[in-house]
Chemist: 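Have a look at the structure that comes next, please.
What you see is a predicted model, and the numbers here were worked out from it, not measured in a lab. Just so we're on the same page: letters track the sequence lines, and every chain starts at 1.
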Protein chains: 2
Amino acid sequence: MQTAVLKLKHLGFSEYEAKAYMALVHENPLTAYELSKNSGIPSSKIYEVLRKLELRHMIQLIRGERTKMFVPIPPDEFVRNFRSSIEDNLHAVRTELTTVKPGLDSGYMWHIKNYETLIHRAKRMINTARESLLVLIWKEEMKELAEALTGAVQRGIRTAVIHYGFTDFKISRIYIHPVEDTVYEAKKVRGFTLVSDLKEAVNGRIDSKGTDAVWSMNEGFVTMAEDYLRHDIYLMKTLQRFAPVMRKKFGDRYEKLRDVYADEAY
Amino acid sequence: MQTAVLKLKHLGFSEYEAKAYMALVHENPLTAYELSKNSGIPSSKIYEVLRKLELRHMIQLIRGERTKMFVPIPPDEFVRNFRSSIEDNLHAVRTELTTVKPGLDSGYMWHIKNYETLIHRAKRMINTARESLLVLIWKEEMKELAEALTGAVQRGIRTAVIHYGFTDFKISRIYIHPVEDTVYEAKKVRGFTLVSDLKEAVNGRIDSKGTDAVWSMNEGFVTMAEDYLRHDIYLMKTLQRFAPVMRKKFGDRYEKLRDVYADEAY
DNA sequence: AATTATTCACTACTATGGTAGTTATTATAC
DNA sequence: GTATAATAACTACCATAGTAGTGAATAATT
């Protein structure tokens, strides 16, 4: 299925509705009949679908020569419409709910015991960060979050990543922590820490037994996580000074690692 | 039904899901059984509902003493989550669709022949305006759009309203156009013009036969609409100078109208 | 024994996707 | 000039899945 159709479905449209709108955007104006052919929607369904789209203000009926024709609301306009109505609803929910129960969130420690939930939470934090991101991560989690992180960097979010083990991932400030595979192999535990905007943080570990993480906006917790990462960066920068010693220990592999070292301090 | 439940339904949740989440926000943590009682959801359905909510990252299972208990994701967090995923989808749709068909929108003249569509469009324009709004309106449409306009003014949008006929509506810059009822009665046509951010405009008329309006981002069209309204305002300000004459014509009624005149030029 | 916790089974309604069929009008092909 | 595609518009029917509503059957706790 086309990605846009899929996304529209996520936004709550039926497949037929999505396809019809897509087809109309690609070519218009069209009669119902033409649209049914272009979109692959059975002609028997097309009228029902068009009615619904019109109700949702996605398309508009215009007078053709002698037949009814349809044009789509321009995508830009649709996006603005949709966003605006969603924001209305979200705002209403938010005000109604947050006024009821104040105080749970800010100091609350949230336990996450599910890997997917952890990744989901991390993604949201990365995507909604406004200023800064501090990350300690292993390659497994990096695979899940690389896209979101790249996006954040492009958005101009100050981003520092401490990556345990080797990676090809290129980002302005990435500090490679040269962990020997043996160490990792022995422990079989991956740490994961993420601090966003110095306001909220997750910290956890993932091993064969599962996931165990804590999320919070608690000030102490966040500060601690932040210090932890800063400290790690500082440590690595210190280690860099002992490059010769390192080289002895890691050999060529260390050289390779140095190439991707960040040039600038966080 | 509670408004928040309704809003959540608008956002795509089922009634049970909405109720369950609401109830959990109001009191937590709760066991499934307790929740079913508090929320009015049949206990036979509560587990299924909870499973779905967990999948959607709306709630979280925690270990109680010996029974499973549930806590909601804090509303703030939920709102951020939800918005972020909607934005992702919208963005994807937008980029995929606007790259395909460039140029339709900007010069396109959009005919609106449906009253509801006109109001809908106007609302969206008002709600998404970033700088300025110029409105020519009659009381019928004012009733539909008053809330949106008040919101815009509060948001700091420069707003000028030319209102035909008398109104109680209070807004910083409202110019009352003293139309005699007879004139209106005779024509039975209401004009409506809206210019937002000097970028897009709708212009139309509503009468007993129906609605006929045009929306466009076409530069010439927008400029024209803008000029039209400015000119009307200018005209009225000039008329003000002839207050004595006006008073003769409209008598006491005119005095009443003057009270709500805007004090400042647009 | 009563409350709490959880699952199963079944009904009804609605939305969706899919297939079939009806009725005109308008081209074009033979 | 009639046959036959192709276009256009619309109804009816069916299977499936999700949601809502009801009743009841079991466990496990207290």
Side-chain angles (χ1 to χ4, degrees), chain A residues 1-2 4-24 27-72 89, chain B residues 1-2 4-24 27-72 113:
Chain A
M1 200 187 306
Q2 236 182 317
V5 171
L6 219 139
K7 302 293 178 183
L8 284 170
K9 280 179 76 174
H10 287 167
L11 295 174
F13 296 90
S14 79
E15 189 162 337
Y16 282 169
E17 288 170 336
K19 279 184 182 169
Y21 180 70
M22 289 292 294
L24 253 195
E27 190 184 345
N28 65 75
L30 289 176
T31 66
Y33 183 74
E34 288 166 328
L35 179 61
S36 112
K37 280 188 308 178
N38 292 2
S39 61
I41 298 166
S43 63
S44 51
K45 284 284 140 154
I46 205 69
Y47 299 95
E48 190 186 332
V49 170
L50 284 170
R51 262 194 301 277
K52 277 181 204 159
L53 285 177
E54 207 179 353
L55 273 178
R56 296 213 205 188
H57 304 278
M58 298 279 290
I59 60 164
Q60 178 114 20
L61 176 77
I62 59 172
R63 285 250 80 65
E65 299 284 304
R66 51 186 66 257
T67 56
K68 292 173 190 169
M69 300 196 93
F70 297 86
V71 277
N89 286 317
Chain B
M1 199 187 306
Q2 233 183 321
V5 172
L6 219 139
K7 300 294 179 182
L8 284 170
K9 280 178 79 174
H10 286 315
L11 295 175
F13 295 91
S14 79
E15 190 162 337
Y16 281 169
E17 288 169 338
K19 278 183 184 167
Y21 179 70
M22 289 291 295
L24 252 195
E27 189 183 347
N28 65 74
L30 290 175
T31 67
Y33 187 74
E34 288 166 330
L35 179 61
S36 116
K37 280 189 305 181
N38 292 2
S39 61
I41 298 165
S43 65
S44 50
K45 280 287 139 90
I46 203 68
Y47 298 94
E48 192 184 331
V49 170
L50 284 169
R51 264 193 299 276
K52 278 182 205 157
L53 284 177
E54 207 180 352
L55 273 180
R56 295 217 206 185
H57 304 278
M58 298 278 292
I59 60 165
Q60 177 113 21
L61 176 78
I62 59 173
R63 282 251 79 69
E65 300 286 301
R66 50 186 62 260
T67 55
K68 291 173 191 168
M69 300 194 93
F70 296 86
V71 276
K113 298 211 172 284

Chemist: What is the distance, rounded to the nearest whole Å, between atom CG of Leu61(B) and atom P of dA5(C)?
Modeler: 13 Å
Chemist: Output the rounded distance in Å from CD (Glu17(B)) to P (dT19(D)).
Modeler: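 The distance from CD of Glu17(B) to P of dT19(D) comes to 6 Å, rounded to the nearest Å.
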Chemist: Out of dA5(C), dG17(C), dT7(D), which has the shortest distance to the side chain of Glu15(A)?
Modeler: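 When the side chain of Glu15(A) is considered, dG17(C) is the closest of dA5(C), dG17(C), dT7(D).
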Chemist: OP1, OP2 of dC10(D) versus side-chain N and O of Lys68(A): anything below 4.0 Å?
Modeler: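 Yes.
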Chemist: Nearest whole angstrom, please: distance from the P of dA8(D) to the CZ of Phe70(A).
Modeler: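 Roughly 12 Å, once rounded to whole Å.
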Chemist: Please round to the nearest 0.5 Å and tell me the distance separating atom NZ of Lys52(A) and atom OG of Ser14(A).
Modeler: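 Answer for the NZ-OG pair, Lys52(A) versus Ser14(A), is 6.0 Å.
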Chemist: So, is Lys37(A) near the phosphate of dT7(D), with a side-chain N or O under 4.0 Å from OP1 or OP2?
Modeler: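 Result: yes.
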Chemist: Compare all side-chain heavy atoms of Leu30(A) with those of Phe70(A) and state whether any distance is below 4.5 angstrom.
Modeler: no
Chemist: If you compare all heavy atoms of Ile59(B) against all heavy atoms of Tyr21(B), which two are closest, and at what distance to 0.1 Å?
Modeler: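 Answer, listing the atom of Ile59(B) first, then Tyr21(B): CG2-CD1, 4.4 Å.
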Chemist: How close or far is atom C1' of dT16(C) from atom CZ of Arg56(A), stated in whole angstroms?
Modeler: 12 Å
Chemist: So, are Arg56(A) and Glu17(A) salt-bridged, with charged N and O less than 4.0 Å apart?
Modeler: yes
Chemist: Go through residues 43-55 of chain B and report each residue with a non-hydrogen atom lying under 4.0 Å from DNA chain C, sorted by number.
Modeler: Ser43(B), Ser44(B), Tyr47(B)
Chemist: Please report the distance, rounded to the nearest Å, between CD1 in Ile41(A) and C1' in dA9(D).
Modeler: 16 Å
Chemist: Does Tyr16(A) place a side-chain N or O at less than 4.0 Å from the phosphate oxygens OP1/OP2 of dA15(C)?
Modeler: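 Checking dA15(C) against Tyr16(A), no side-chain N or O comes under 4.0 Å of OP1 or OP2.
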Chemist: Taking for each residue the nucleotide of DNA chain C bearing the nearest heavy atom, is the 5' side occupied by Tyr33(B) or by Gly12(A)?
Modeler: Tyr33(B)
Chemist: Do Leu24(A) and Leu35(A) touch side chain to side chain, with heavy atoms closer than 4.5 Å?
Modeler: yes
Chemist: Does dA8(D) have OP1 or OP2 sitting under 4.0 Å from an N or O in the side chain of Thr31(A)?
Modeler: yes
Chemist: Can you check whether Lys68(B) reaches Thr31(B) side chain to side chain, under 4.5 Å on heavy atoms?
Modeler: no
Chemist: How about Lys19(B) and Met22(B): do any of their side-chain heavy atoms sit closer than 4.5 Å?
Modeler: no
